[in-house]
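Scroll down for the structure; my scribbles are underneath it.
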Amino acid sequence: MKVQQHDGSIVEMDKKSPESLEVLNHSTSHLLAEAIQQLYPDALFGFGPAIENGFYYDIDFKSPIVEQDLIKIEKKMHELASKDEKIIRQSLTKSQALEVFKDNPYKLELIRDINEDITIFTQGNFIDLCRGPHILSTGQIKHFKLLSIAGAYWRGDSKNKQLCRIYGTSWWSEEDLKNYLNLIEERKKRDHRLLGKQLDLFMLSEYGPGFPFWLPNGMILREAIEEYWKQQHFKYHYVVVKTPIMLSKELWEISGHWSHYKDNMYTTKIDDREFAIKPMNCPGGILVYKNSLHSYKDLPIRMAELGLVHRHEASGALNGLFRVRAFTQDDAHIFCREDQLVDEISTLLNFYEEMYSVFGLDYYIVLSTRPEEGYIGDIKIWNKSEAILKEACEKSGKEFKINPGDGAFYGPKLDFKLKDSMNRVWQCGTIQLDMNLPERFDCFYIDSDGEKKRPIMLHRACLGSIERFIGILIEHYGGAFPAWLAPVQVNLLPVNNAYHLAYAQEIYDLLRARHIRVSLDDGNDKLGYRMRNSQVKKIPFTIVLGDHERDDRTLTYRRFGSNEQITVSIDDFVTLIEEEIKEKKQNIEVAKSAQ
RNA sequence: GCCUUCUUAGCUCAAUUGGCAGAGCAACUGAUUUGUAAUCAGUAGGUUGUUGGUUCGAUUCCGAUAGAAGGCACCA
């Protein structure tokens, strides 16, 4: 395929490349605008770029359109595309451009801000201010779909007016389009809010927007993760603390959170003293550090806390477990000497690698370095720690990127981006160096020369928010959890209650005595019905017990996602499931095909 | 917070132009005793999110309010 670029040159592009899809999507957004211009002549156009797997166009309609209208617009787009109009690039002077777009205040605003060559792309009688690149004619646009309508601020600024944004997606083949639409469907089916309801994991109430309730099933999942979290922290020589949920305003003034975030903090006045519910755990952790005097020999101190924090998020930001107002950070604060930083960082990378691989989550790391301006702390420490972080990432062998200048004002950081089973990326873990709080709180240790020294402070969270992480896991596994996480691990189905219930009860007691989460379905329903319920709940092992099994003292199990029926002795089954739980075995393949 | 849309039984959804609020699943009762994804019959279940208005009459039309969805803005 051929692509015309901003400078007018025409280049050849491979249709398999992501760049070519970007061009196609961008051209499709123009086609959308062309269709809208014909259907709604008084609509004004804003921005219309390509995005990942699609495109959008921001439009100021005189009267709002509804989802239904997309069908009509899509039809018009196909009609226009079938004309195979040439997309013609033209370069204009600023004054020419201002004349062409004199009726569109949005484009005029953009033109005034452009300092380079101004180009327009024209198809039929639709003209758009655009850098390109674009395909050569609209006939190549065949496999697309308009997806949704949303509001979006002009130029991404909440002070501006909101325009109507139409999202769509465009592909080179019908098959690619179908695959993408299927993926969207699959993501909808796996929505953690839906599965959370179906599997009774958590609930939300209008009486506490953004404050999730954990139901018994979800609590099992959560405690399994927290239990693993504890083991992992023991292994890596952490100490664990719990700091108060509410602390006085003065503390937040010292930490600096009050001036920055007081609008997002829950506050209260008690006995004429102002308090705030903690939005972060760090100040509490620092108070614990300062509770005793530390020798250089005590360092590093690795202090972990599953800390419940509250943040008053904007109502429109709330989203299931992904964005809540009360959540638990798997937080830790590490106080160390400068000479210990190398070891600490590389140990942390091992720690993270273990935590993520248990859940079958691949990831990459992003290093954010010192901002150009407004940073605090010694530039030598900045440079040294950035070098240490970079080297540790390189040594880990993991994919990693650098975001120059994207660090916080108080230190460089590593972010861990997790890839789930549906090719989505989630930022979860973070490791941040902090040169600010130790200073503000005057943290120190006594060095070998008897002098007070400032420790280096690392903030780190691996899963991020437990709530959000569980939301991610629900979707990652499609609700089909591996045995170690599953709320119910084994479901027992006696074929006939009259003859097999006693044997089923015996196995139930035996498994339960070994702390296996087992349920016994002795309902008066047919086996097929109970089997279906067991599969709907995505229970890892469903066991059928009938004459055969009772007489031979065996059991027949079926794994979730498989039709295979396997008969084994009771002992063999216990060994099998105990191994699987102990090793935290993955079932991503099962999860991928889970409905 | 902003734009658009939505809110009907525990869940998923119906209800012609404003005219007696219905179904499936789940629950409960009874029958059935079942060999791998839904056995049959019956019963009960609702101030249509809340609130104010228009109307002889409102689930339906209008306003307010709460919550939710898709986005935007925000995300220490």
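Letters go in sequence order (proteins before strands), and every chain restarts at 1.
A:Asn319 comes within 4.0 angstrom of nothing in the nucleic acid, heavy atoms only. The residue A:Gly528 sits close only to the backbone: its heavy atoms come under 4.0 Å of sugar-phosphate atoms, none of a base. If you check every strand for non-hydrogen atoms under 4.0 Å, A:Tyr167 touches sugar and phosphate atoms only. Base contact: A:Ala150 has a heavy atom under 4.0 Å from a base atom. Residue A:Pro279 is classed as a base contact, given a heavy-atom separation below 4.0 Å to a base. Within 4.0 Å of A:Asp547, counting heavy atoms only, lies at least one base atom of the nucleic acid. Looking at heavy-atom distances under 4.0 Å, A:Asn533 makes no contact with the nucleic acid at all. Nucleic acid contact for A:Ser205: none, since no nucleic acid atom lies under 4.0 Å from a heavy atom of the residue.
Picking from B:rA69, B:rA37, B:rU36 the nucleotide with the shortest atom distance to the side chain of A:Val544 gives B:rU36. Side chain of A:Asn496, nearest nucleotide from B:rU34, B:rA76, B:rA38: B:rU34. In the set B:rA26, B:rA37, B:rG35, B:rA37 carries the atom at the smallest distance from any side-chain atom of A:Arg558. Closest to the side chain of A:His257, from the set B:rA76, B:rU12, B:rA37, is B:rA76.
Considering only side-chain N and O atoms, A:Ser315 lies under 4.0 angstrom from the phosphate OP1 or OP2 of B:rG1. For A:Lys188, no side-chain nitrogen or oxygen approaches OP1 or OP2 of B:rA69 to under 4.0 Å.
Donor-acceptor pairing under 3.5 Å, judged by distance alone, is present between the side chain of A:Glu549 and the base of B:rG35. Evaluation of atom-type donor-acceptor distances gives no pair under 3.5 Å for the side chain of A:Arg165 against the base of B:rC3. For A:Arg530 against B:rA37, no side-chain N or O and base N or O form a donor-acceptor pair under 3.5 Å. Residue-to-nucleotide contacts include a donor-acceptor pair under 3.5 Å from the side chain of A:Gln162 to the base of B:rC2. Between the base of B:rG1 and the side chain of A:Tyr153 there is a donor-acceptor pair shorter than 3.5 Å. With hydrogens and angles left out, the side chain of A:Arg323 and the base of B:rC74 share a donor-acceptor pair within 3.5 Å.
Per the geometry, OH belonging to A:Tyr261 stands 8 Å off C1' belonging to B:rC75, to the nearest Å.
The backbone N or O of A:Leu418 lies less than 3.5 Å from no partner atom in the side chain of A:Gln427, so there is not a single donor-acceptor pair. No donor-acceptor distance shorter than 3.5 angstrom exists from the side chain of A:Arg460 to the backbone of A:Leu348, with no hydrogens or angles considered.
A cation-pi contact links A:Lys401 to A:Tyr364, judged by a cut-off of 6.0 Å to the six-membered ring centre and 45° from its axis.
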- Query: What do the steps show when you test A:Lys249 against A:Glu253 for salt bridge (charged side-chain N to carboxylate O under 4.0 Å, His left out), and what is the final call?
  - Reply: CA-CA 6 Å; A:Lys249 176 186 164 188; A:Glu253 284 172 338; 3.7 Å; yes

